[in-house]
Each structure stands twice: as structure tokens, then as C-alpha cells.
Amino acid sequence: DAKTTQPPSMDCAEGRAANLPCNHSTISGNEYVYWYRQIHSQGPQYIIHGLKNNETNEMASLIITEDRKSSTLILPHATLRDTAVYYCIVRQKLNTGTASKLTFGTGTRLQVTL
Amino acid sequence: EAGVTQSPTHLIKTRGQQATLRCSPISGHTSVYWYQQALGLGLQFLLWYDEGEERNRGNFPPRFSGRQFPNYSSELNVNALELEDSALYLCASSLVQGRTADTQYFGPGTRLTVL
């Protein structure tokens with residue numbers, strides 16, 4: 001799976017949009033971009049994923065650049081409960097031994113403040 | 001719909017003992033994945049089970065083993081516990097359809113402490 005690069009930490013004021021960037025310059029054509037978050041000592045929570053089109057769900061929006069080498073996760077109105085470590089993961093969807101696992105990096109620690 | 005469940009929430013063992021951790025996947029999911037998250041470290045892939053078979057394992061010694069039951073629930077066994085096995089153990093499940101493995105959804109984890 002392609003490696004990802006994320007800033008180690010970011011701050012965001014409550015009520016503002018949080019924009020979390022991710023670089024995945026070596027992504028291949030059949031690899032998806034997944035985002036998870038982990039609130040302290042809890043299991044990671046799935047947020048959103050996409051292949052090449054922008055995606056939106058009730059939690060967030062995912063913007064993928066046209067060349068697919070980077071993406072941005074957008075939390076439109078951040079709240080204190082969004083404080084967490086956010087992981088950007090690139091992964092194939094193939095049902096094979098190596099492709100099915102998730103490879104977590106160090107993520108971005110998002111601190112939402114009043 | 002119930003999510004992935006894990007038991008116990010916390011487990012305390014001493015060195016040399018064995019630990020058994022349990023996971024129930026989301027209804028309809030056939031794949032179960034185990035991950036280890038040691039303090040200060042990232043999530044490391046341990047094992048993947050699908051349709052009762054071990055499909056892949058991470059870079060962990062053989063004393064980490066498990067199985068998947070006919071109802072798709074899974075057990076992770078850790079033998080001869082060492083202090084560095086203390087970690088949060090996370091289980092995830094996903095739907096697998098043919099050659100496609102879908103999104104993995106995680107449980108709350110089991111916190112294992114080895115004294």
C-alpha cells in the first residue's frame with residue numbers, strides 16, 4: 001500500500017471548518033483513500049473513503065485532487081467532540097492477504113478549542 | 001444495528017500466562033481483523049480471518065494465534081505473555097464480496113495489561 005504523509009498536529013476553533021491534509025503521492029490507480037479517527041483509547045471510527053471523486057457523508061467531506069496525489073478531509077463545523085487523531089490510509093479493495101489489512105501511520109492530532 | 005463487540009473490556013494477566021480475547025463482528029460480515037496498539041505506538045496488523053480461515057498475519061510471533069468460528073466470531077489467543085504484550089487489542093470486521101474487501105469497522109478494544 002502507498003505511504004501517506006500527514007501533519008502531526010492541527011488546531012481548529014469550535015464551529016469552524018477543519019481541513020486535514022494528506023499526501024499520498026505514490027498512490028496507484030486501484031487504491032482508495034480512507035479516513036478514520038481515534039478518540040483517546042477507543043477503537044478507530046470510520047469516517048469516509050473515496051477513489052477519485054469527491055465524497056460527502058453526514059460526518060465529513062473528502063476532496064481528492066485530480067492527480068490523486070493528495071486529499072483533504074473536511075469537517076464542516078468542528079466541535080469539541082471532534083478532537084481526535086485522524087488517520088489517512090491508502091488501501092486496495094482486493095480480497096487478498098496483503099491488500100486487506102489497514103496500515104496506520106501516525107496520523108494528525110486535531111485539537112478543537114473553544 | 002449492533003457494531004463490532006469485544007470482550008472483555010479490560011484484562012489483567014501476569015507474565016507467562018495465556019490471554020483469550022473475543023470479538024463478534026457486525027451481522028453479515030464474514031471477515032475479522034485483529035490489530036495491536038501498544039502505548040505510544042501505532043496500530044499494528046496482527047491477523048485476518050475470513051470464512052473460518054486465517055488469510056494473513058502480521059509480523060508477530062507464533063504465540064499470537066486465533067481462530068474464527070462458524071458464526072464468524074473470533075478469538076485471539078496470546079500465549080506465554082510478556083510485559084510488552086500490554087496493549088489495546090482491536091478487532092475490526094468487514095464484508096467480503098468476491099474479490100472485494102469492504103470497509104473495516106472497529107470494536108471498542110480490549111485493554112490487556114501484563115504484570
Side-chain angles (χ1 to χ4, degrees), chain A residues 1-9 22 28-51 55-60 62 71 73 81 84-109, chain B residues 3-7 9-10 21 23 25-26 29-51 53-60 86-113:
Chain A
D1 291 343
K3 289 185 178 178
T4 61
T5 304
Q6 299 178 252
S9 64
C22 179
S28 62
N30 62 351
E31 289 181 316
Y32 287 73
V33 180
Y34 280 80
W35 283 84
Y36 285 81
R37 71 181 183 184
Q38 187 175 27
I39 296 170
H40 183 62
S41 294
Q42 297 180 21
Q45 179 187 22
Y46 165 75
I47 301 173
I48 200 168
H49 75 280
L51 183 61
E55 302 286 345
T56 295
N57 63 20
E58 64 278 2
M59 286 183 68
L62 174 60
S71 61
L73 177 75
R81 286 180 293 182
V85 178
Y86 287 77
Y87 296 99
C88 169
I89 299 167
V90 172
R91 171 189 175 235
Q92 295 181 35
K93 267 199 168 187
L94 293 177
N95 180 22
T96 64
T98 54
S100 281
K101 68 177 182 179
L102 294 175
T103 301
F104 286 81
T106 53
T108 295
R109 184 172 299 277
Chain B
V4 177
T5 59
Q6 294 186 243
S7 64
T9 305
H10 293 89
L21 289 64
C23 171
I26 291 171
H29 286 188
T30 60
S31 269
V32 170
Y33 309 79
W34 288 95
Y35 293 83
Q36 181 198 64
Q37 187 174 30
L39 190 64
L41 300 178
L43 284 88
Q44 301 292 321
F45 168 73
L46 257 170
L47 289 160
W48 171 35
Y49 291 94
D50 182 55
E51 295 284 358
E53 301 284 333
E54 181 181 304
R55 302 293 187 183
N56 192 21
R57 66 180 293 129
N59 189 24
F60 283 84
S86 294
L88 181 66
Y89 288 84
L90 293 155
C91 171
S93 75
S94 78
L95 188 61
V96 172
Q97 295 176 309
R99 284 177 53 79
T100 301
D102 213 336
T103 301
Q104 293 182 26
Y105 295 91
F106 284 81
T110 292
R111 171 74 62 186
L112 173 64
T113 301

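Numbers restart at 1 for each chain; the letters A, B, ... are given by sequence-line order, proteins then strands.
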Discussion item. So, using side chain to side chain donor-acceptor pair (under 3.5 Å) as the criterion, who are the partners of Asn30(A) when residues are at least two apart?
Written reply: Ser28(A)

Discussion item. Under the rule for side chain to side chain donor-acceptor pair (under 3.5 Å), what residues qualify as partners of Trp35(A), not counting sequence neighbours?
Written reply: none

Side chain, backbone, both or neither: which part of [X] has a heavy atom under 4.5 Å from chain A?
X: Arg57(B); result: neither
X: Leu43(B); result: both
X: Gln6(B); result: neither

Practice prompt. Check whether Gln38(A) gets within reach of chain B through its side chain, its backbone, both or neither, counting any heavy atom under 4.5 Å.
Written response: side chain

Worksheet entry | Aromatic contact, Tyr36(A) with Tyr87(A) (centres under 6.0 Å) | no

Practice prompt. With rounding to the nearest 0.5 Å, note down the distance linking CZ in Arg111(B) to CG in Leu21(B).
Written response: 12.0 Å

